[in-house]
Amino acid sequence: MMSDLSSKYDPAEVEGKWYQHWMNSGFFKSQPDSNKEPFTIVIPPPNVTGVLHMGHMLNNTIQDILIRKARLDGKNACWVPGMDHASIATEAKVVKRLREKGIKKSDLSREDFLAHAWEWKEEFGGVILEQLKKLGASCDWDRTRFTMDEKYYESVIDTFIHLYEKDLIYRGYRMVNWDPEALTAVSDEEVIYTEEQSKLYHVRYQIEDSDEFVTIATTRPETILGDTAICIHPKDERYLHLHGKRALVPIVNRSIPIILDDYVDREFGTGCLKVTPAHDVNDHELGQKHGLESIDILNANGTLSEAAEVLIGEDRFDARKKIKPMLEEVGALIKVEDYQNKVGRSERTNSIIEPRLSKQWFVKMQPLAEPALAAVESGDIRFHPNKFKNTYRHWMTNIKDWCISRQLWWGHRIPAFYFGEGNDHFVVAKSAEEALKKAREIDPSLAMSDLRQDEDVMDTWFSSWLWPISVFDGFYNRDDLNYYYPTSDLVTGPDIIFFWVARMIMAGYEFEKKRPFENVYFTGIIRDKQGRKMSKSLGNSPDPIELIEKYSADGVRLGLLMTAPAGNDIPFDDAICEQGRNFANKIWNALRLIKSWKVEDKPVDVVNEKALSWLQHRINKEQVSIDANYSKYRLNDVAMSLYKLIWDEFCSWYLEAIKPAYGESIDQQTYDATIFQLEKLMTMLHPIMPFITEEVWHNLRERNNVDCVFLAEWPEATSYEELSILSFGNAKQIISEVRSIRAQKNLSPRETLDVYQPGDEGAYKDFSTIIQKLANVNLKNAEIPEGPNASFIVGTMEFSVPLEGLIDASAEVAKLEEELNYQEGFMKSVSKKLANERFMNNAPAQVVDAERKKMADAESRIASIKEKLSTLK
RNA sequence: GGGAGUUUAGCUCAGUUGGUUCAGAGCACCUCGUUUACACCGAGGGGGUCGGGGGUUCGAAUCCCUCAACUCCCACCA
């Protein structure tokens with residue numbers, strides 16, 4: 001029997017085998033079924049360009065656990081996978097690849113470029129989904145969606161039109177965050193600000209028709225070329241006399257006004273501010289307020305434009321270097337200091353963001369935010385951990401309009417059609433035909449050839465925010481949507497709470513009038529041992545597939561989970577996966593042990609009967625807490641519970657208790673019950689470690705193809721006897737104490753010892769046979785015989801092991817005195833409490849009773865220690 | 001500059017409404033062990049004045065004040 005199970009669990013073959021089996025059996029599939037309660041998760045769609053990293057591993061492990069648990073709970077579990085087209089990231093990759101082939105994007109037509117992009121997508125896209133299968137992800141792969149699928153695409157366009165018609169989308173000439181590398185606008189959320197070392201240049205401007213100068217401080221001297229005013233504080237007496245005069249911009253000698261505004265911080269720099277309305281958000285506002293001219297000295301790609309007059313065509317950073325000697329030459333540069341400031345960089349290209357005036361499409365957020373904020377505030381949607389509510393509230397109450405147009409081709413094209421001169425006349429329509437119809441209502445003479453569709457596409461997140469709806473094609477077919485929506489849980493990282501979570505909630509209420517999900521589980525961020533974020537550039541991110549090969553998917557899953565309370569960052573170390581692997585091996589060997597037993601139809605052994613009864617109580621008790629932890633999303637606690645339940649209680653105590661002696665057999669009844677209990681444990685562990693549990697399940701008894709733990713039922717928690725657990729706890733303590741004595745005295749475990757215990761044995765009596773077996777002792781409920789002996793106390797019971805010739809009386813005395821000291825200290829503190837009138841008056845009766853009991857227990861312990869000491873001395 | 005959060009054993013974290021001498025778990029560590037499931041193991045063991053200080057209370061890891069350190073989010077200071 002034993003021979004066909006190796007002593008080491010080999011996950012590689014097992015994991016592949018069961019995944020294939022589940023897939024082939026269609027276990028992952030879900031269809032609406034009005035007789036079953038749905039449980040839905042939509043995957044946070046990875047970028048089509050993405051490869052699996054540790055963040056995905058954690059995130060998808062958790063989703064898989066929730067989905068598998070729901071299945072065991074008898075729900076119709078549906079996990080929808082998919083991918084995000086990731087407009088800017090993908091386009092960058094495609095452009096790069098074309099460049100490597102010697103093709104420039106600018107030489108291609110939109111259609112040709114998109115053809116290349118789709119080709120790229122077909123070739124490289126979706127690697128990550130294949131990798132997820134290795135992890136065990138039980139997604140309904142037939143439902144795999146892509147944000148640019150035909151129906152999905154249509155839904156994005158339709159929602160754009162819907163919002164436009166509701167006046168919630170508008171086109172505006174605004175200062176936006178411009179990425180000069182990707183050549184597109186990006187949203188506020190896509191800009192990452194970091195502290196960087198830079199320089200503060202002090203530059204003086206001559207006052208027109210005077211010998212006087214005014215000095216300003218700037219970190220961007222090249223923008224001097226776009227200055228259209230100098231601004232001073234209206235109460236700053238140092239400069240007030242200059243108000244109304246004009247200053248000359250160095251190098252280009254343009255005359256600009258000197259204006260007053262209390263926006264200026266008198267303490268900063270020189271207290272004078274140069275105003276460049278085209279290149280700074282605040283300056284832009286000042287410009288509008290004071291009616292200043294706006295000179296845009298930069299081209300889209302970050303080089304200086306004709307308007308700069310000098311250094312035309314130079315990159316903005318080269319220009320900054322080159323303008324320094326030029327300023328020196330005209331005597332305008334006073335000094336340069338080191339300075340630390342915040343610089344905004346593009347999330348995608350990492351290039352420094354340029355505030356730029358341009359015409360873009362915006363979504364009015366305020367009206368959308370209101371119901372979305374209320375939903376989270378009221379608990380209609382719950383965050384786990386709850387603390388992210390604060391972050392969410394803060395953002396939602398200070399929400400700004402969302403710039404959704406991107407000057408890219410890969411994405412959902414804005415359905416606006418322009419006609420006539422310039423881009424001021426347009427209609428928004430689903431198709432060119434419809435657009436023409438609408439346009440003709442304005443100008444009947446228009447022909448199709450007069451219409452020009454907007455070249456831009458929408459922000460990726462403008463499609464992702466529809467994810468929970470559009471994966472079900474919900475705008476066009478209500479069958480699936482009505483059943484699966486709202487989805488149950490969303491599992492994601494806190495880093496995309498604004499990008500995605502908040503916006504999905506808005507879209508949910510706007511388009512479906514319902515929350516998109518009930519619960520949001522925020523995972524932590526995976527860091528390396530030193531606490532750094534994992535990143536490609538640091539090279540500190542392990543390859544998840546290699547990890548799986550080394551530790552098994554089950555091992556990695558458990559490892560990730562054990563150290564990951566929701567929302568806490570995880571300092572990742574391979575060693576935590578080792579723990580998972582070891583655990584799988586432990587389970588495997590428990591299986592081997594059980595399967596190796598010779599089974600006989602014979603009366604149930606009393607040891608087995610008691611052990612089994614205890615185990616059942618013990619499992620039931622743990623199950624109550626496991627169920628509670630599941631409902632609180634404390635999955636790491638669930639994992640820990642099962643780990644200890646299986647390893648310590650089932651393997652170390654129960655199996656050791658019932659294990660037949662060498663050559664002996666086990667009774668049929670206990671054997672069957674043991675298998676049943678292990679099946680129960682495997683069912684409970686299955687969501688966390690799906691593969692080993694399935695393998696064990698099928699090895700425990702003959703089963704057919706559909707009798708899988710995958711389809712099992714989550715065991716129902718039944719009541720348990722606390723007393724049984726307590727008295728087994730006493731038994732464990734007694735066993736440990738005896739083992740400890742053996743260890744200290746160097747006694748062989750094979751030598752049976754006598755253990756005397758006078759008085760009441762009620763607190764362990766049920767398990768005395770187990771104690772005798774596991775500690776290899778003869779328990780004697782009798783007075784302790786005269787002579788040297790080692791002793792210990794469990795509860796209020798005293799135990800003694802006569803050890804002729806092995807006892808060092810003085811050491812024993814010292815040990816007992818220490819114990820006595822401790823007990824007396826304890827009693828003193830308790831009696832102090834009981835003597836305290838205020839305690840007696842204020843403390844609840846049960847607390848007082850507990851103290852009294854402690855007192856009594858301590859007294860009896862002290863008495864027996866003293867007696868013991870007197871015999872020794 | 002504003003807001004939130006964290007601080008308990010070497011590491012990662014539990015500790016419910018203040019009440020057992022309550023300071024706990026896992027890992028790591030130390031000692032012993034070739035016992036016929038498993039050395040990816042077993043048995044035993046050491047380790048923290050609960051960030052500092054003050055206060056409330058009969059009683060504080062838990063409540064209040066204060067200081068310190070760290071993390072994250074938001075914000076237009078050139």
Side-chain angles (χ1 to χ4, degrees), chain A residues 2 5 7-9 193 200 216-220 223 231 263-265 267-270 272-276 280-285 339 341-342 355 385 387-395 398 494-495 497-498 525 529 531 551 555 562-565 567-571 573 575-576 578-597 634 636-637 639-640 643-644 651-652 655-656 659 662-663 736 739-744 746 748-750 822-823 825-827 829-830 832-833 836-844 846-848 850-851 853-854 857-858:
Chain A
M2 185 91 101
L5 296 179
S7 79
K8 282 234 179 358
Y9 173 58
Y193 288 91
L200 192 61
I216 57 90
T218 179
T219 51
R220 303 196 55 189
T223 61
C231 189
Y263 163 74
V264 177
D265 177 356
E267 306 304 314
F268 186 87
T270 63
C272 282
L273 177 71
K274 72 187 213 49
V275 185
T276 321
D280 184 281
V281 180
N282 305 303
D283 289 12
H284 177 64
E285 277 168 27
Y339 183 67
N341 67 341
K342 293 230 172 176
K387 65 177 176 184
F388 289 109
K389 226 169 137 171
N390 297 325
T391 314
Y392 180 82
R393 180 189 308 118
H394 187 259
W395 190 73
N398 295 290
D495 48 333
I497 186 167
F498 307 133
I525 292 165
K529 269 186 263 189
Y551 298 108
M562 292 267 264
T563 44
N568 276 37
D569 286 2
I570 302 164
D573 186 339
I576 64 177
E578 208 173 303
Q579 203 181 342
R581 179 200 61 183
N582 295 353
F583 186 42
N585 195 54
K586 182 73 186 178
I587 295 168
W588 179 251
N589 277 291
L591 167 75
R592 286 178 66 226
L593 175 65
I594 295 168
K595 297 301 285 186
S596 73
W597 288 336
R634 294 178 62 148
N636 61 319
D637 289 332
M640 185 57 79
Y643 181 85
K644 286 195 278 191
C651 294
S652 297
L655 289 183
E656 290 301 331
K659 185 159 136 185
Y662 184 66
S736 289
R739 284 171 176 170
S740 177
I741 289 170
R742 280 187 202 277
Q744 284 160 28
N746 246 323
S748 161
R750 293 172 193 273
Y822 173 88
Q823 293 294 347
F826 176 49
M827 197 172 86
S829 85
V830 176
K832 211 171 124 192
K833 239 186 232 183
N836 186 326
E837 246 178 78
R838 287 197 277 186
F839 171 74
M840 298 304 281
N841 294 337
N842 296 323
Q846 57 186 33
V847 173
V848 176
E851 293 299 319
K853 172 144 197 324
K854 278 195 279 180
D857 287 355

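Lettering follows sequence order; numbering is per chain, from 1. Keep in mind the model is a prediction, meaning the values are calculated, not measured.
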Under 3.5 Å, is there a donor-acceptor pair between the side chain of A:Asn636 and the main chain of A:Thr563?
-> no

Please give the nucleotide sitting opposite B:U21 as a Watson-Crick or G-U wobble pair, both distances under 3.5 Å, or none.
-> none

Check the distance between B:C77's C1' and A:Glu267's CD and give it to me in whole angstrom.
-> 12 Å

Give one of base, sugar-phosphate or nothing for A:Arg750, where a contact means two heavy atoms less than 4.0 Å apart.
-> sugar-phosphate

Among the nucleotides B:A78, B:C40, B:A25, whichever has the atom closest to the side chain of A:Phe268 is B:A78

Give the nucleotide from the list B:U12, B:G44, B:A37 with an atom nearest to the side chain of A:Ala743.
-> B:G44

Quick one: is A:Lys595 getting a side-chain N or O under 4.0 Å of the B:A37 phosphate, OP1 or OP2?
-> no

Gap between atoms CZ and C1', on A:Phe498 and B:C72 respectively (whole Å) = 11 Å

When both distances are under 3.5 Å in a Watson-Crick or G-U wobble arrangement, the nucleotide paired with B:C32 is B:G42

Could you label the plane-to-plane angle of the A:Phe498 and A:Trp395 rings as parallel, tilted or perpendicular, counting under 30° as parallel and over 60° as perpendicular?
-> parallel

Does any donor-acceptor pair link the side chain of A:Glu656 with the base of B:A37 at a separation under 3.5 Å?
-> yes

With the side chain defined as heavy atoms from C-beta on, A:Asn582 is closest, among B:G15, B:C40, B:A37, to B:C40

Which of B:A37, B:C58, B:G44 is nearest the side chain of A:Ser736? It is B:G44

About how many Å separate CZ of A:Phe388 and CD1 of A:Ile497, when rounded to the nearest 0.5 Å?
-> 6.5 Å

Looking only at B:C27, B:A37, B:U35, the nucleotide nearest the A:Tyr643 side chain is B:C27

By the Watson-Crick or G-U definition, both distances under 3.5 Å, B:A4 is matched with B:U71

Remember a base hit wins even if backbone is also touched, and classify A:Val264 as base, sugar-phosphate or nothing at under 4.0 Å, heavy atoms.
-> base

On a whole-Å scale, what distance lies between the P atoms belonging to B:G44 and B:U56?
-> 46 Å

Would you say A:Tyr193 reaches B:C76's phosphate, i.e. side-chain N/O to OP1/OP2 under 4.0 Å?
-> no

Taking only the side-chain nitrogens and oxygens of A:Lys586, find out if one of them lies under 4.0 Å from OP1 or OP2 of B:G42.
-> yes

Check the distance between B:G3's C1' and A:Lys389's NZ and give it to me in whole angstrom.
-> 17 Å

Please state whether the phosphate of B:C13, meaning OP1 or OP2, lies under 4.0 angstrom from any side-chain nitrogen or oxygen of A:Asn636.
-> no

Hey, is the side chain of A:Arg739 poking within less than 4.0 Å of OP1 or OP2 on B:G33, counting only N and O atoms?
-> no

Can you check the A:Gln579 CD to B:A28 C1' distance for me, whole Å?
-> 10 Å

The nucleotide from B:G26, B:C77, B:A78 with an atom nearest the side chain of A:Asp265 is B:C77

Position toward the 5' end of RNA chain B (nearest nucleotide), A:His394 or A:Tyr9 = A:Tyr9

Once you round it to whole Å, what is the distance between P of B:C74 and CD1 of A:Ile497?
-> 10 Å

Just compare B:A43, B:C38, B:U12 and give me whichever is closest to any side-chain atom of A:Ser7.
-> B:C38

Where the side chain of A:Lys8 is concerned, which of B:A37, B:G26, B:C40 is the nearest nucleotide?
-> B:C40

From B:U36, B:A25, B:C40, nucleotide with atom closest to A:Asn585 side chain | B:C40

Interatomic distance, A:Asn582 atom CG to A:Tyr551 atom OH [nearest 0.5 angstrom] | 9.5 Å

dist A:Ile570:CD1 -> A:Ile576:CD1 (nearest 0.5 Å) comes out at 7.0 Å

Which comes earlier along RNA chain B counting from the 5' end, the contact point of A:Gly269 or that of A:Lys342, where each point is its nearest nucleotide?
-> A:Lys342

Is the shortest side-chain N/O distance from A:Arg592 to OP1 or OP2 of B:A37 below 4.0 Å?
-> no

When you measure from the side chain of A:Arg634, which nucleotide among B:A78, B:G5, B:A14 comes out closest?
-> B:A14

Separation of atom CE in A:Met562 from atom P in B:U12, rounded to whole Å = 16 Å

Could you state the CG-C1' distance from A:Asp569 to B:C73, rounded to the nearest angstrom?
-> 13 Å

Is a side-chain donor-acceptor pair under 3.5 Å present for A:Ser652 with A:Glu656?
-> no

Atom-pair distance (CG on A:Asn568; C1' on B:G5), nearest Å = 10 Å

In whole Å, what separates the C1' atom of B:U8 from that of B:C22?
-> 12 Å

Does any N or O in the side chain of A:Asn398 come within less than 3.5 Å of the main-chain N or O of A:His394, such that one atom is a donor and the other an acceptor?
-> yes

Distance check: side-chain N/O of A:Ser596 vs OP1/OP2 of B:U36, anything under 4.0 Å?
-> no

